[in-house]
*Asks:* 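Sending over a structure as C-alpha cells; questions will come in a sec.
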Amino acid sequence: MLDPKFIRENIDLVKKAIADKGEKADLGPFLELDAKRRAMVQEVEALKAQRNSVSEEIARLKKEKSPEADKKIVEMRQVGDQIKALDDELRTVEEKLSEATLALPNLPDPSVPVGKDESENVVDRTVGQEKKFDFAPKPHWDLGEKLGIVDFERGAKISGSRFYLLKGAGARLQRALIAWMLDVHTRQSGYTEIYPPYMVNGKCLVGTGQLPKFADTVYRDIEEDFWWVPTAEVPVTNMYGGEILDGSLLPINHVAYTACFRREKMSAGKDVRGIKRGHQFDKVELVKFVLPENSNQELDKLIADAEKIPQALGFKYRILKMCTGDLGFTAAKKYDIEIWAEGCKEWLEVSSCSNFGDFQARRANIKFRRDPKGKPEFVHTLNGSGLALPRTMIAVMENYQNADGSITVPEVLRPYMGMDVIRQN
RNA sequence: GGAAGCGUGGCCGAGUGGUUGAAGGCGGCGGUCUUGAAAACCGCAGUGCCGCAAGGCACCAGGGGUUCGAAUCCUCUCGCUUCCGCCA
C-alpha cells in the first residue's frame, strides 16, 4: 500500500513509477474517492460534534428537570438519522477507496534500472566455476529415476501432474538440505527460526500483497477462511501485523522452513520435466524487519546470507538485478540468485531477494517506535529464499553426478546425510 | 462436535446508559533526594483519521442494532479458558 498523502502530493511521479513497472493501474478512482472521503468525513464529524455537545446538555437539563430537554431530544433524533445515513454512505466510499488503494503496485526504488521485462535485467555478478565433466552430464530427471530417488509416475498417480515423490536418499537429501540451511542461517547468520502455520487467513495474504489481486495463484479451503501459504513470507511477515515493535529490537531476522503451495497456471511445454516447478515445493525463507533508512543495506546483507548456501555447495551462481518491469507488484527492489545446473544446462532461480520498503508494512500495519516516546513509524520488510529446495536439489544432483550415475554428497551435507555417495540400491 | 464462562490501555484489574479515553496497581519515561543505586515523593505518558491551524471525530475483541446519548442493553461473528467427546 502506498501512502495516500504521498500519492496526492506526487501524482506525476507515482504515474511514472507505475508505468515503469509495466503496470496499468489508474490513479483516477483513487484520487476521486480520496477527495470524496475527506469531504464526507468533515461533514459527518461536524454533526457528531454537535450531537456530543447537545447530549451533554441534555444530561444537564434532565438533572435540572428542565422541559427544554425533551425539545432537544427531538432535535437530536434528526441529527442522529442524518449521521447514520452519512456514515453508511461513507462506509461504502471507504470500501471502494480501500479497493482502489490495494490495487496500486509498489513504487520502484530509484536505484532500480528502468526496463520493460526480464530481458532487461542486469547481471550484477557471477561467482564460482562450473564443474568439469569428462562425460556428458545427465539431467536430474534421468538421474533421479535411475537411482530410484524421485518417482514422477506415482506422484502423478496420487495427486496429478506436476507432483512427484522423493524416496530413500532423495527424501533424505531434501531433509538434509533443509536442516543444513536452517543451521547455517540460525548459527552463522543469527536468524531466529520460526515454524509457522501452513494455512493462514485471508487478511495475511492482503498484508503481503497476494490478495486481492492474485487470488487465483493461491489455494484455499472451500468453506473456511484458510489459505495455503504460497511462501513462508506470508505467515512470518504477518506475525507482527498490527503491532508496534520496539525499535531497539530492529532489525528482526527470521528464517522459516515451510512447504509452499501455488496454483501456477503453468504453460504447456515449459518446465514440464523434472522437479523444477510444481504445485507444492519446500523452501527455507529469510524475512527481515528493519529501520526504513537501512533497508537497501539490509537487502545486500540478505543476499549475502542467502548466497552462503550456493557458495558452501561450491556452485557457480549469479546475481541478477531486476529491472523495473520485472519487479512484480510488491517489490521496490529485487535481486534473483540463479545456480547453473550442468544437466539441464540452465540457470535455475533458487532465490528472490526483495526489499518491499513500507509497502507490506502499511498493508499489514507493522510499526515500530524509535524511542519510548517516539511516534510509531512503519518498518521496512524484506525477504528472500535461502533457498528453494527442488531447484537446489536439481543443482546438487546434476552438478555432483558421476559417470556411473551415482551422486557424490557435497561435503557440508555429509553429516546430515550419513553417506558420501548416493547409489542405486 | 456438546456445555459453561470470559474477551477493557504494555501487563493486571475497576467500571451495568450521561465530562470514562476510561479509577487503581505494576511496568515505562522525566524529575526531586543520594557519592552512586535502591526506597520514597512529584510529574508525564495510547492509536488512528480529518483539519493550514485552533480544534474535532473514532476506537473498551470485531460487525450490526436499540437510544438524544453505550465500555455499559440486544444480536451475530471471531478468539480464549474449563469440562465432556474425539484425536497425532
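Just so it is clear: chains get the letters A, B, ... in the order the sequence lines come, proteins before strands, and each one is counted from 1. Everything numeric in this text was worked out from a predicted model, so none of it was measured.
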*Asks:* Round to a whole Å and report the spacing from CD1 of A/Ile83 to P of B/G56.
*Replies:*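 Taking CD1 of A/Ile83 and P of B/G56, I get 16 Å after rounding.
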*Asks:* Give me the distance, rounded to whole Å, that separates B/G62 from B/G7 when you measure between the P atoms they each carry.
*Replies:*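 So the two P atoms sit 13 Å from each other.
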*Asks:* Taking the C1' atom of each, how far is B/A54 from B/U16, in whole Å?
*Replies:*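 Their C1' atoms lie roughly 37 Å apart.
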*Asks:* To the nearest Å, how far apart are A/Asp225 CG and B/G79 P?
*Replies:*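 Spelled out: CG on A/Asp225 to P on B/G79 is 10 Å.
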*Asks:* For a quick check under 3.5 Å, do A/Lys308 and A/Ser189 share a side-chain donor-acceptor pair by atom type?
*Replies:*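 Short answer, yes.
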*Asks:* Looking only at side-chain N and O atoms, does A/Glu298 offer a donor or acceptor that is under 3.5 Å from a partner on A/Asn355?
*Replies:*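 Their side chains do not contain a donor-acceptor pair, so the 3.5 Å distance test is not met.
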*Asks:* Name the pairing partner of B/U16, where a pair is Watson-Crick or G-U wobble with both distances under 3.5 Å, or state none.
*Replies:*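 By the stated definition (distances under 3.5 Å), nothing pairs with B/U16.
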*Asks:* Would A/His380 and A/Phe356 count as a close aromatic pair, with their ring centres under 6.0 Å?
*Replies:*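 That pair fails the under 6.0 Å test.
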*Asks:* Side-chain N or O of A/Lys5 less than 4.0 angstrom from OP1 or OP2 on B/C49?
*Replies:*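 No, outside the criterion.
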*Asks:* Using the C1' atom as the point on both nucleotides, what is the distance between B/U72 and B/A14, in whole Å?
*Replies:*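 Rounded to whole Å, the distance is 13 Å.
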*Asks:* Please confirm whether A/Lys321 makes a cation-pi placement over A/Tyr335, using NZ or CZ under 6.0 Å from the six-membered ring centre and within 45° of the ring normal.
*Replies:*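 No, A/Lys321 does not sit over the ring of A/Tyr335.
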*Asks:* OP1 or OP2 of B/U47 less than 4.0 angstrom from a side-chain nitrogen or oxygen of A/Arg369, does that happen here?
*Replies:*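 So the side-chain polar atoms of A/Arg369 do come within 4.0 Å of the phosphate oxygens OP1 or OP2 of B/U47, strictly under.
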*Asks:* In whole Å, measure the gap between the C1' atoms of B/A71 and B/A38 for me.
*Replies:*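 Here B/A71 and B/A38 have their C1' atoms 39 Å from each other.
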*Asks:* Under 4.5 Å between any side-chain heavy atoms of A/Glu411 and A/Arg414, yes or no?
*Replies:*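 Yes, close enough: below the 4.5 Å cut-off.
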*Asks:* Write down the distance between CG (A/Asp371) and C1' (B/C44), rounded to a whole number of angstrom.
*Replies:*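 Result: 14 Å.
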*Asks:* Starting at NZ of A/Lys375 and ending at C1' of B/C49, how long is that distance when rounded to a whole Å?
*Replies:*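 Computing the A/Lys375:NZ to B/C49:C1' distance gives 13 Å.
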*Asks:* If I pick the P atom on B/C73 and the same atom on B/G17, what distance separates them, to the nearest angstrom?
*Replies:*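 B/G17 and B/C73 have their P atoms separated by 9 Å.
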*Asks:* Grab the CZ-P distance between A/Phe368 and B/G10 for me, whole Å please.
*Replies:*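 Taking CZ of A/Phe368 and P of B/G10, I get 18 Å after rounding.
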*Asks:* Rounding to an integer number of angstrom, what distance separates B/G9 and B/G5 when you compare their P atoms?
*Replies:*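 About 23 Å, rounded to a whole number of Å.
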*Asks:* Taking only side-chain nitrogens and oxygens of A/Arg38, does any of them come within less than 4.0 Å of OP1 or OP2 of B/C49?
*Replies:*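 Answer no for this pair, as no side-chain N or O of A/Arg38 is under 4.0 Å from OP1 or OP2.
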*Asks:* What integer number of Å spans the C1' atoms of B/U20 and B/G69?
*Replies:*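 Nearest-Å result for B/U20 against B/G69 at atom C1': 14 Å.
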*Asks:* So which nucleotide does B/C29 pair with, by the Watson-Crick or G-U wobble rule with both distances under 3.5 Å?
*Replies:*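 Partner of B/C29: B/G43.
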*Asks:* Is it the case that atom OH in A/Tyr416 sees more than 12 heavy atoms from other parts of the structure closer than 6.0 Å?
*Replies:*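 More than 12 within 6.0 Å, yes.
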*Asks:* Take A/Glu243 and A/Val379, measure what side-chain contact (heavy atoms from CB on, under 4.5 Å) needs, and give me the verdict at the end.
*Replies:* CA-CA 11 Å; A/Glu243 296 188 23; A/Val379 300; over 6 Å; no
*Asks:* Report the base-pairing partner of B/G7 (Watson-Crick or G-U wobble, both distances below 3.5 angstrom), or none.
*Replies:*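 Base partner found: B/C78.
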*Asks:* Quick one: label A/Arg37 by what it contacts on the DNA or RNA (base, sugar-phosphate, nothing), any heavy atom closer than 4.0 Å.
*Replies:*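 Contact class for A/Arg37: sugar-phosphate only.
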*Asks:* Starting from the 5' end of RNA chain B, give me the residue, A/Gly374 or A/Arg8, whose nearest nucleotide shows up first.
*Replies:*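 Looking at RNA chain B, the more 5' nearest nucleotide goes with A/Gly374.
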*Asks:* Which nucleotide, B/G48, B/U47, B/G51, lies nearest any side-chain atom of A/Ile244?
*Replies:*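 Ranking B/G48, B/U47, B/G51 by closest atom to the A/Ile244 side chain puts B/U47 first.
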*Asks:* Could you check whether A/Glu56 gets within reach of a base, just the sugar-phosphate, or nothing at all, counting any heavy atom under 4.0 Å?
*Replies:*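 Nothing, no nucleic acid heavy atom in range.
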*Asks:* Using Watson-Crick or G-U wobble geometry with both distances under 3.5 Å, which nucleotide pairs with B/C73?
*Replies:*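 Partner of B/C73: B/G65.
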*Asks:* Which value, in whole Å, describes the distance between the P atoms of nucleotides B/G63 and B/A58?
*Replies:*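 The answer is 14 Å between these two P atoms.
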*Asks:* Can you give one letter per nucleotide of nucleotides 57-73 of chain B, 5' to 3': B if a protein heavy atom sits under 4.0 Å from the base, S if only from the sugar-phosphate, - if neither?
*Replies:* BS-----S-S-BS----
*Asks:* Using whole Å, what does the distance between atom P of nucleotide B/C50 and atom CG of A/Asp87 come to?
*Replies:*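 The answer, rounded to whole Å, is 16 Å.
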*Asks:* Once you apply the 3.5 Å cut-off to both distances, tell me the Watson-Crick or G-U wobble partner of B/G51, or none.
*Replies:*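 None - no nucleotide pairs with B/G51, as no candidate has both distances under 3.5 Å.
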*Asks:* Rounded to the nearest Å, what distance is computed from the CG atom of residue A/Asn365 to the P atom of nucleotide B/C49?
*Replies:*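 From A/Asn365 CG to B/C49 P: 9 Å.
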*Asks:* Between A/Asp336 and A/Ser351, is there a side-chain donor-acceptor contact under 3.5 Å, judged purely by atom types and distance?
*Replies:*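 Short answer, no.
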*Asks:* Using the ring of each side chain (for Trp, its six-membered ring), is A/His254 parallel, tilted or perpendicular to A/Tyr240, with breaks at 30° and 60°?
*Replies:*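 A/His254 and A/Tyr240: parallel rings.
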*Asks:* Whole angstrom is fine here: how far is it from CD in A/Glu377 over to C1' in B/G48?
*Replies:*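 Rounding to the nearest Å, CD of A/Glu377 and C1' of B/G48 are 16 Å apart.
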*Asks:* With both distances kept under 3.5 Å, what pairs with B/C87, Watson-Crick or G-U wobble?
*Replies:*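 With both distances under 3.5 Å required, B/C87 matches none.
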